[in-house]
Amino acid sequence: MEKTLSEQEEIRRSALQEMINLGFYPYPSETFETNAFAINVKSEFAKDDTKYQKVSMAGRLMSKRVMGKASFAELMDSTGRIQIYVSRDIICPDENKDLYNKVFKKLLDIGDFIGIEGHAFTTKVGEISIHVSSLKVLCKSLRPLPVVKTDEEGNIHDGFTDPEQRYRQRYVDLVVNPHVKQTFLQRTKLVNTIRTFLNDREYTEVETPILQPIYGGAAARPFKTHHNTLDMTLYLRIANELYLKKLIVGGFEGVFEFAKDFRNEGMSRFHNPEFTQVELYVAYKDYIWMMELVEEMLEKVAMDLHGTTKVMVGENEIDFQRPYKRYTMFEAIEEFTGEDISELDEAGLREVAKKLDIHIEASAGKGKIIDEIFGEKCEKLLIQPTYITDYPVEMSPLAKKHRDKEGLVERFELICNGKEIANAYTELNDPIDQRKRFEDQMELGARGDDEAMVIDEDFLKAIEYGMPPTSGLGIGIDRLAMIMTNSNSIQDVLFFPQMRPENPQ
RNA sequence: GAUUCGGUAGCUCAGCUGGUAGAGCAUCUCCCUUUUAAGGAGAGGGUCCUGAGUUCGAACCUCAGCCGAGUCACCA
């Protein structure tokens, strides 16, 4: 059933019809040539008022102040807003004043797109504006935009702030809340910086399957779908790790992919069902080497985005200048709790957890308990970028055993602002050990762990042909974007975060 | 999942102890040729999230539900 139109929607539809009747069809086909952007006019005309004497600009009408035979309005293009001055007898030099009296004054609404020609000038009050000599309607808007106004002190009136509305109608959010666009431009820049950084090192950007017959490379519950012709179950990838390693087997020495991954798990301000990771695999390297690469890369990201390595995130100033502090997991726990757990068995660990008032599931093994202690007592306190290294083997079935520490693997996570933003290891390339690790995961799965990995015979086959020693990395782009743009929620760095349907049946 | 707060005009919000639904902006009509949260005069606009209950009477109280936000938990 079609929704009944609001009064304002009815009025805009009849305005549209009236424009057509007057001979101003407001959805023209032909190119409207522009030669200037708002931001440039405003900055450059201030320095040289002989410039911009013949401009052609286009954008959305964002406000209109009519004073009889003359009017001021604001035009917003992709770079910002600029005031325009429209005078009746300039845009309507002949007898017929319809374009001003009817189209501009009455039928044109906030949100409509127009194209103008004219010249830059400065008003009596000193605002750089465009004196319009001709005006063309480029698109009639049929729904009213929220009218957000900013007063002299910079206070925002009638702001479009309801998060639900902002996320559901991001296009409106982008139109009326300029900082939103800035956040997304920064995100794009962040991705570009990383891509350039990796390209400069001559690693190869690749694409691997999103629809996978067997999901792997992470501990997570997948989305399941079905292919009709093959009549088979497929999963949306939870990670692309195993495919990228197969490319290393195939002879690439450095590959990376910006990958949308999908995890069928809870949602929160740090979790969206689909999210972006960049994964990188480089042959003949180890995790120590990778720490240096990540430091260099993040320092560059901060510099490119902010011109400094220091980034404000909430109350904290985070400094991405390398090198970053490094703790082994045991050192971090000892530092923050005073407990040396490096020599403890499972019973001993449980005792420590109890002493620290951390609830541990009865089914949890040694690795899980250590991870819980770290998660509860250390992670949230690590604000500055910090490497945590050498994780329990049970938590990391794809990482190589530590070269000299029993029970651990060569792995690091980078913690920043109390959250993990990167994860890396010296990749496990011993196929015998890898098969055993998968089998251990199968056992966990049989015991009811629905995030346990499943055995991937094709991956095992691949590494049985031989995978050179390799270092692998995953960086959560969304979480890094949150930090780099000082955003409190993942929804603020995703154009279209997942939402419940608006009208449930 | 737990818990707190919220859902009233296109937007932002007010609405007292239960008694005819309010403001600003936006919209409509009129005036105004350098305004800028333009201004002046007038007007229209509501499923008070949904459903049930209590009551003479519910935006307001009760119960159930839907949706959202914050915090916590889960989640590499």
Side-chain angles (χ1 to χ4, degrees), chain A residues 4-12 14-15 62-74 81 83-90 100 105-106 109-111 121-127 129 131 143-168 172 176 217-221 238-239 241 261 263-273 275 277 359 361 368 371-372 374-376 379 388 391 395-399 411 413-415 419-425 450-451 474 476 479 488-489 491 499-505:
Chain A
T4 53
L5 297 174
S6 70
E7 184 199 23
Q8 290 191 46
E9 288 171 307
E10 296 280 11
I11 289 164
R12 285 180 178 227
S14 52
M62 294 306 287
S63 69
K64 201 168 78 167
R65 297 181 285 277
V66 176
M67 297 161 300
K69 299 182 188 68
S71 302
F72 286 94
E74 270 180 304
R81 298 184 183 206
Q83 180 170 262
I84 63 172
Y85 173 75
V86 183
S87 157
R88 186 192 71 179
D89 296 327
I90 304 289
Y100 184 79
K105 263 173 73 175
K106 293 179 62 179
D109 290 303
I110 288 166
F121 77 113
T122 305
T123 64
K124 278 182 184 167
V125 230
E127 179 160 348
S129 308
H131 196 292
R143 287 173 184 264
L145 284 172
V147 179
V148 180
K149 293 187 173 182
T150 307
D151 66 20
E152 278 175 352
E153 283 98 47
N155 302 313
I156 292 168
H157 300 262
D158 302 324
F160 183 63
T161 55
D162 177 3
E164 180 186 357
Q165 293 304 317
R166 290 183 45 224
Y167 301 145
R168 287 192 192 282
V172 174
V176 303
R221 285 180 301 184
I238 57 174
E241 171 155 354
D261 292 334
R263 297 189 183 174
N264 208 341
E265 295 175 341
M267 289 163 64
S268 75
R269 73 191 179 94
F270 291 105
H271 300 84
N272 194 64
F275 64 100
Q277 277 200 95
H359 176 72
E361 297 287 330
K368 178 80 180 160
D371 192 59
E372 284 288 331
F374 176 76
E376 283 295 315
E379 191 173 31
I388 302 298
Y391 283 65
M395 315 286 305
S396 316
L398 301 168
R411 170 179 177 179
E413 288 193 357
L414 178 62
I415 312 293
K419 276 277 165 189
E420 170 207 342
I421 57 172
N423 180 22
Y425 11 93
D450 53 6
E451 290 180 350
R479 292 202 184 157
N488 192 41
S489 161
Q491 299 176 107
M499 305 283 281
R500 280 200 172 76
E502 201 164 3
N503 296 308
Q505 294 303 307

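So you know, we letter chains A, B, ... as the sequences are listed, proteins then strands, and number each from 1.
The side chain of A:R168 approaches B:G68 more closely than any other nucleotide in the set B:U35, B:A26, B:G68. Nearest nucleotide to the side chain of A:D158, out of B:U33, B:C25, B:A76: B:C25. Across B:G10, B:U12, B:U34, the shortest atom-to-atom separation from the side chain of A:F160 is found for B:U12. Checking B:U33, B:U34, B:C28 against every side-chain atom of A:F121, the shortest atom distance belongs to B:U34. Here B:A76 is the nucleotide among B:A76, B:U29, B:U35 with the atom lying nearest to any side-chain atom of A:R479. The listed nucleotides are B:C28, B:G44, B:G10; the one nearest the side chain of A:E7 is B:G44.
For the C1' atom pair drawn from B:C72 and B:C60, the interatomic distance equals 31 Å after rounding to whole Å. Taking atom C1' on both nucleotides, B:U12 is separated from B:U50 by 24 Å, rounded to a whole Å. B:G6 sits 35 Å from B:A76 when the P atoms are compared, rounded to a whole Å. Atom name C1', nucleotides B:A52 and B:A37: the rounded distance is 45 Å, in whole Å. Look at the C1' atom in both B:G7 and B:G46: the space between them is 15 Å, to the nearest Å. Of the P atoms belonging to B:G39 and B:U17, the separation is 35 Å, rounded to the nearest Å. Look at the C1' atom in both B:U4 and B:A9: the space between them is 29 Å, to the nearest Å.
Following rounding to the nearest Å, A:I156 (CD1) and B:U12 (P) show an atom-to-atom distance of 13 Å. Rounded to a whole Å, the CD1 atom of A:I90 is 13 Å from the C1' atom of B:U34. Here the C1' atom of nucleotide B:C11 and the CG atom of A:L145 are 10 Å apart, to the nearest Å. The distance between atom CD of A:E74 and atom C1' of B:A37, rounded to the nearest whole Å, is 11 Å. Counting to the nearest Å, the C1' atom of B:U12 and the CD atom of A:Q165 are 13 Å from each other. In this structure, A:D162 atom CG and B:G10 atom C1' are separated by 14 Å, rounded to whole Å. Look at CE on A:M62: it is 14 Å from C1' on B:C25, rounded to the nearest Å.
In this structure B:U12 sits in a base pair with B:A23, meeting the Watson-Crick or G-U test at under 3.5 Å.
In this structure, A:T150 reaches the sugar-phosphate backbone alone: every heavy-atom distance under 4.0 Å involves primed, P, OP1 or OP2 atoms, never a base. Across all strands shown, A:R411 has heavy atoms under 4.0 Å from base atoms, whether or not it also approaches the sugar-phosphate. At the heavy-atom level, A:Q8 lies under 4.0 Å from base atoms of the strands shown. Heavy atoms of A:V125 sit under 4.0 angstrom from at least one base atom. Within the nucleic acid shown, A:D89 comes within 4.0 Å of at least one base atom, counting heavy atoms only. A:Y100 comes within contact range of no nucleotide atom at all, as no heavy-atom separation falls under 4.0 Å.
A 4.5 Å side-chain heavy-atom check between A:D109 and A:Q8 finds every atom pair outside the cut-off. Under the 4.5 Å side-chain criterion, counting only non-hydrogen atoms from C-beta, A:E379 is in contact with A:E420. By the 4.5 Å heavy-atom criterion applied to side chains, A:D158 and A:V147 are not counted as neighbours. You'll find the side chain of A:R479 stays beyond 4.5 Å of the side chain of A:F275, heavy atoms only. Counting heavy atoms from C-beta outward, A:R12 and A:P144 have side chains that approach closer than 4.5 Å. Proximity of A:R269 to A:Q491: side-chain heavy atoms (C-beta onward) are nowhere separated by under 4.5 Å.
With hydrogens and angles ignored, a donor-acceptor pair under 3.5 angstrom links the side chain of A:Y85 to the base of B:U33. Donor-acceptor pairing under 3.5 Å, judged by distance alone, is absent between the side chain of A:E127 and the base of B:U35. Between the side chain of A:E420 and the base of B:A76 there is no donor-acceptor pair of N/O atoms closer than 3.5 Å.
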N/O to N/O distances under 3.5 Å, protein versus nucleotides 70-72 of chain B:
none

Anything under 3.5 Å between a protein N or O and an N or O of nucleotides 38-42 of chain B, put it in a table, one pair a line.
{"from": "B:A38", "atom 1": "OP1", "to": "A:K149", "atom 2": "NZ", "distance (Å)": "2.5"}
{"from": "B:A38", "atom 1": "OP2", "to": "A:R65", "atom 2": "NH1", "distance (Å)": "3.2"}
{"from": "B:A38", "atom 1": "N6", "to": "A:V66", "atom 2": "O", "distance (Å)": "2.6"}

Would you mind building the protein contact string for nucleotides 2-8 of chain B? One character per nucleotide, 5' to 3', B for base within reach (heavy atoms under 4.0 Å), S for sugar-phosphate only, - for untouched.
-------
